[in-house]
Amino acid sequence: MMYTFDEYEERYRFDAFCKVVLRHEAIDYFRELSHQRKREIQFNTLSQHETDKLCTIDEYPSDSDIFSVYGYALHIQNELVANAFASLPEQEQKILILHCVLELADGEIGGFVGMSRSAVQRHRTKTLSELRKNLESKGVKT
């Protein structure tokens, strides 16, 4: 196939244009790499606080035990704590869930469970101290 001078000249200009574009792309690429190297630091130069920011822990609903009352749920991830909580009577569980999850006052909790404020307070403090003693005997830090 024979090319005329105009076709050859047009093809030559297109090739030259492509080479210029590719050369400038390479320059931009190496310039960007240089900027990245200036901003990057090695992991071993990070402080412990900065390293901790890079860590993430996945939490799944199946990793915790769920105790619910009146539509409110208390999630407990520690198995020993969950077992100790499960061993409590239902009334005490209700009081602690309302206290811990909703942060209700003793009088408000009494309205839910049908007790006086002072009775709720006695049950709550007694149950929490029993839980604490139970867990400390099993070696769990409270």
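Everything numeric in this text was worked out from a predicted model, so none of it was measured. Residue numbers run from 1 in the order of the sequence given.
- With values rounded to the nearest 0.5 angstrom, I109 atom CD1 is found 10.5 Å from Q121 atom CD.
- Annotation for R117 and G107: closest pair CG-N, 3.5 Å, computed over non-hydrogen atoms.
- Within 6.0 Å of the NZ atom in K133, the count of heavy atoms belonging to other residues, nucleotides or ligands does not exceed 12.
- Remark: C100 SG to F85 CZ distance equals 7.0 Å, nearest 0.5 Å.
- With E92 contributing its side chain and H123 its backbone, the two residues share no donor-acceptor pair below 3.5 Å.
- From L131, atom CG reaches atom CG of L96 across 6.5 Å, with rounding to the nearest 0.5 Å.
- For the atom pair OG of S129 and CZ of R124, the computed distance is 11.0 Å after rounding to the nearest 0.5 Å.
- Residues E136 and R132 are not paired through a salt bridge, judged by the lack of any N-O separation under 4.0 Å between the basic side chain and the carboxylate.
- Criterion: ILVMFWY side-chain heavy atoms under 4.5 Å apart, direct or through other members. Under it, I66 and L98 are not part of a common hydrophobic cluster.
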For a quick test of your reading: what N or O donor-acceptor pairs under 3.5 Å do the side chains of residues 19-46 make, sequence neighbours left out?
| residue | atom | partner | partner atom | Å |
| --- | --- | --- | --- | --- |
| D28 | OD1 | R31 | NH1 | 3.4 |
| T45 | OG1 | Q42 | O | 2.6 |

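- In this structure, CD1 on I95 lies 11.0 Å from CD on E90, to the nearest 0.5 angstrom.
- For CD of Q91, the number of neighbouring non-hydrogen atoms (other residues, nucleotides, ligands) closer than 6.0 Å is greater than 12.
- V101 and A73 get closest at one heavy-atom pair: CG2-O, 3.4 Å.
- What you find for A82 and I76 is that their closest heavy atoms are N-CG2, 3.7 Å.
- Looking at every heavy atom in both residues, L104 comes nearest to H99 through O-ND1, 3.8 Å.
- The two atoms that bring D63 and D58 nearest to each other are OD2-O, 4.3 Å, heavy atoms only.
- Heavy-atom minimum distance, S64 versus Q77: CB-CG, 3.7 Å.
- A donor-acceptor contact shorter than 3.5 Å is absent between the side chain of Y72 and the backbone of L102.
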